[in-house]
Amino acid sequence: MRRMAVVLAVVGLVAAGCSGSSGGETGDGGSDATTSVTSEPPGTGACDAIDPAGCLLPWPNDRFTRADAATETGRRLDLPADGMPANAEGTGIDPAEWNRNDGFAPASALLTVVPDLDVEGSGLPPVTDIGASLADGSPLVLVDTETGQRVPAWAELDANAEDPADQALMIQPATALLEGHRHVVGLRGLVHADDSDIEPSAAFAAQVADPDEAAAQTLADLEDAGVDPDELDVAWSFTVGSGDDISGRLRSMWEETSEDLGDGAPPFTVDSDEESGGARLIRGTFEMPKYLQGDGGPGSVLDNDDDPDGIPTADGTMTADYLCVVPADASAGDPAGSVIYGHGLLGTRDEALGIGTLGASVGLSFCALDYLGMSAADIPSIVASFEDLSAFRSLPDRLQQGHLGFLLLGRLLASDEGFASDPAFQDAEGEPTIDTGEVALLGASQGGILGGVASSLTTDWQQTILAVPGMGYNLLLRRSVDFDEFFPAVEASYPDELDQTLILELLEQLWQRGENAGYAQHLTSDPYPGVEAKHVLLLEAFGDHQVANVSTEKLARTLGIDRREPTLADGRSTDDEPFWGIDPIDGLPSDGSGLMVWDFGTPAPPVENLPNRAGDDPHGKLADVPEALALVLSFVTDGTITDVCGDGPCQAPG
């Protein structure tokens, strides 16, 4: 029970330290896209006149791409420079880095502006009734043209826009869009607030009457899905990026590094070894290949300018600083298992000090690194990038280098040639006091949003716990109280409200390279070559103020995992069918993956894209729940999900 108590404390403390059903099979981490046999020069992409509210609307849109036979999808983004959002000084975002992509992000939201739209009167499916989007008569029809299947989604007006003219209609897919697949979306039967019919724009009416080749294909695809083209108010198509393009940079980095290592570990040092109560604090460094330009510090970018696909080149090495907190009484006869975890939002590895001391008291070790790209050291460069978001690429670029560090930390813990070979991790007879066969990853909040990345690539751990997690920062930020601190800087530089909505979508096109949204389709199924699918435990806090429940549940659907039932008490959720698309787990205990939801009495979240501010934030409260502790301990040690809540929902006492 002491060991159980510390694991739950870890979950809670990591979360508190943060401020902040189909994965699809695409085969060997690639895509099933139809590749074009032609190529077009840059500059082919242009504004789409069917939505006069903005050049890059509707979004995402194959009109903003060009044909490129060298990519998996046969497309490459070609965002027009004169259509990119401009800051208060009139400087537009440089689209060069975006235009390397061979499609749009799997976590993309779909944006268009429909003046004076009555969402409810139009019958558009709300977040509380996602299943309605699949009904035959749904005004929203989103189709994956590769599978022919409808994609579940909900529609909402941007509640953050004060000017109705700048209020985007946001279509939020309820699961990640399949990599490399082309999609079409159509909206029909829309009405104004006075119940009068909305008329299509002149440009869209002209497309229906006399379609070009692309428009004809879009209309035909929707007609195949049962939609009469004459009923449409607006429709467009887009292609999701391939798995090779999204994850290719980091996968190339890890494959090169792994080939050099073989079964071994990177060079490391032990710089200090101090006793602190029942723990030993071990600090040191290890060397990793440097794929960043310059010294690899904050603000740097990957060394990939010469590669059209962005695959970086290693140039020397850089030093990563680690901290391990290990039990002082660990022995060869009773070695300590190891938990890798990431720190909270823009924090440091030193958050392991308190957590690790608790762990050491029950025979667990904890090792930590800084999350390069999203650590305290990166704050100045991140804030500076808000002035001109052309510089934002440094965050996902550094983040990929940071994930390489976490992969190497896992190797140091799992290899006999790693930490286990050093006296600091051995007993007096030179035998290891850490168990190289028991390594797991625990991420919460920021760690829960990033932790699926390294987990999808490694063979050095099998169990992954993501507490209060999510995917897609474009979905998360406007629904998180953590964004309150940062949004004023974005707003000052980009005062146009419609631009602000579009900017979050633009950032996700790069951010996906280092967060769950770009890797989730290969975490629990369809693993990358040479990697086994992982067991993943998701822990949701109902009504979370920092990581919205809709994002956690979108991750669960993407991973194709089930939930423990009963999940919530009757009446707690405002949804017509709570946890739509996430089936109940078929019997516990289970040795697979699963979603567990805890209810701390916080009011249900808003149905708009706004943060939950009601009641007490449950984000870091798992530390108060002994039952969650038993669950986490069981999963860390052998991957078993146990039923710790009896016959009812998982609820906090009282």
Side-chain angles (χ1 to χ4, degrees), residues 42-66 76-101 103-105 107-115 156-172 236 238 241 301 381-397 472-479 483 486-513 517 609:
T44 304
C47 302
D48 191 342
I50 68 171
D51 187 342
C55 174
L56 294 184
L57 296 174
W59 174 274
N61 194 329
D62 276 346
R63 300 279 182 183
F64 314 140
T65 69
R66 61 184 176 89
R76 198 180 291 276
L77 265 60
D78 197 8
L79 304 179
D82 58 0
M84 297 291 282
N87 64 15
E89 303 300 319
T91 302
I93 298 172
D94 182 355
E97 185 60 28
W98 283 261
N99 287 345
R100 295 184 195 248
N101 291 8
F104 297 92
S108 292
L110 287 53
L111 307 179
T112 190
V113 172
V114 182
E156 58 192 10
L157 289 172
D158 182 6
N160 298 280
E162 297 181 3
D163 184 350
D166 286 340
Q167 193 170 35
L169 174 65
M170 310 173 69
I171 299 167
Q172 303 282 4
W236 71 97
F238 61 94
V301 298
S381 64
I382 293 173
V383 173
S385 75
F386 295 160
E387 298 178 7
D388 180 357
L389 287 167
S390 304
F392 179 79
R393 66 167 287 197
S394 65
L395 187 155
D397 280 11
Y473 277 99
N474 55 333
L475 175 62
L476 281 162
L477 291 183
R478 281 300 204 173
R479 285 178 153 90
F483 198 41
F486 296 98
F487 185 71
V490 177
E491 188 177 39
S493 296
Y494 295 89
D496 184 89
E497 290 182 334
L498 189 53
D499 280 351
Q500 292 164 12
T501 306
L502 180 59
I503 279 169
L504 294 184
E505 295 305 313
L506 285 169
L507 298 187
E508 181 59 27
Q509 310 307 307
L510 304 187
W511 219 330
Q512 64 173 342
R513 300 170 185 170
N609 64 323

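- Proximity of L502 to W59: side-chain heavy atoms (C-beta onward) are separated by under 4.5 Å at one or more points.
- Note that OG1 of T501 and CG of L169 are 11.5 Å apart. Values are rounded to the nearest 0.5 Å.
- Taking the side chain as every heavy atom from C-beta outward, V113 and P52 never approach each other to under 4.5 Å.
- Minimum heavy-atom separation, A109 to Q172: CB-OE1, 3.4 Å.
- Annotation for A517 and A107: closest pair CB-CB, 3.8 Å, computed over non-hydrogen atoms.
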Apply side chain to side chain contact (heavy atoms under 4.5 Å, CB included) to T44 and R76, showing your working. CA-CA 10 Å; T44 304; R76 198 180 291 276; over 6 Å; no

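- Checked by atom type and distance alone, the side chain of E497 pairs as donor or acceptor with a backbone atom of E162 at under 3.5 Å.
- No donor-acceptor pair closer than 3.5 Å links the side chain of N474 to the backbone N or O of E505.
- Of the inter-residue distances, the one linking D94 atom CG with M84 atom CE reads 7.5 Å to the nearest 0.5 angstrom.
- Looking at E156 and R479, a side-chain N of the basic residue comes within less than 4.0 Å of a carboxylate O on the acidic one, giving a salt bridge.
- Using a 4.5 Å heavy-atom threshold, the side chains of L110 and W236 count as touching.
- Y494 places a side-chain N or O within 3.5 Å of a backbone atom of L389 that can act as its donor or acceptor partner.
- The minimum heavy-atom distance linking Q509 with S108 is given by the pair NE2-OG, 3.3 Å.
- The distance from the CZ atom of F104 to the CZ atom of F238 is 8.5 Å, given to the nearest 0.5 Å.
- Interatomic distance, S385 OG to R393 CZ, rounded to the nearest 0.5 Å: 13.0 Å.
- Proximity of a side-chain donor or acceptor of N160 to a complementary backbone N or O of N609 within less than 3.5 Å is detected.
- Although no hydrogens or angles enter the test, the distance criterion places no donor-acceptor pair under 3.5 Å between the side chain of E97 and the main chain of L510.
- Side-chain contact between P42 and R66 is present, with heavy atoms from C-beta onward closer than 4.5 Å.
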Might you work through the side chain to side chain contact (heavy atoms under 4.5 Å, CB included) test for F392 and L507, ending with a clear yes or no? CA-CA 8 Å; F392 179 79; L507 298 187; 3.6 Å; yes

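- With hydrogens and angles disregarded, a donor-acceptor distance shorter than 3.5 Å links the side chain of W98 to the backbone of L506.
- Note that the CG atom of N61 and the CG atom of L77 stand 10.5 Å from one another [nearest 0.5 Å].
- Note that CG of L79 is 10.0 Å distant from CD1 of I93, once rounded to the nearest 0.5 Å.
- D78 places a side-chain N or O within donor-acceptor distance of the main-chain N or O of G45, the cut-off being under 3.5 Å.
- Using modelled atom types, one finds no donor on one side chain facing an acceptor on the other under 3.5 Å when comparing T91 with D388.
- P80 and C47 get closest at one heavy-atom pair: CG-N, 4.2 Å.
- Side chain of Q167 to main chain of D158: a donor-acceptor pair is present (N/O by atom type, distance under 3.5 Å, no hydrogens or angles).
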Run the side chain to side chain contact (heavy atoms under 4.5 Å, CB included) test on Q500 and R478 for me, step by step, so that the C-alpha distance in whole Å, both residues' side-chain angles and the decisive distance to 0.1 Å come before the verdict. CA-CA 11 Å; Q500 292 164 12; R478 281 300 204 173; 3.7 Å; yes

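- In this structure, the side chains of P85 and D496 stay at 4.5 Å or more apart for every pair of heavy atoms.
- Counting heavy atoms from C-beta on, the side chains of Q512 and N101 come closer than 4.5 Å.
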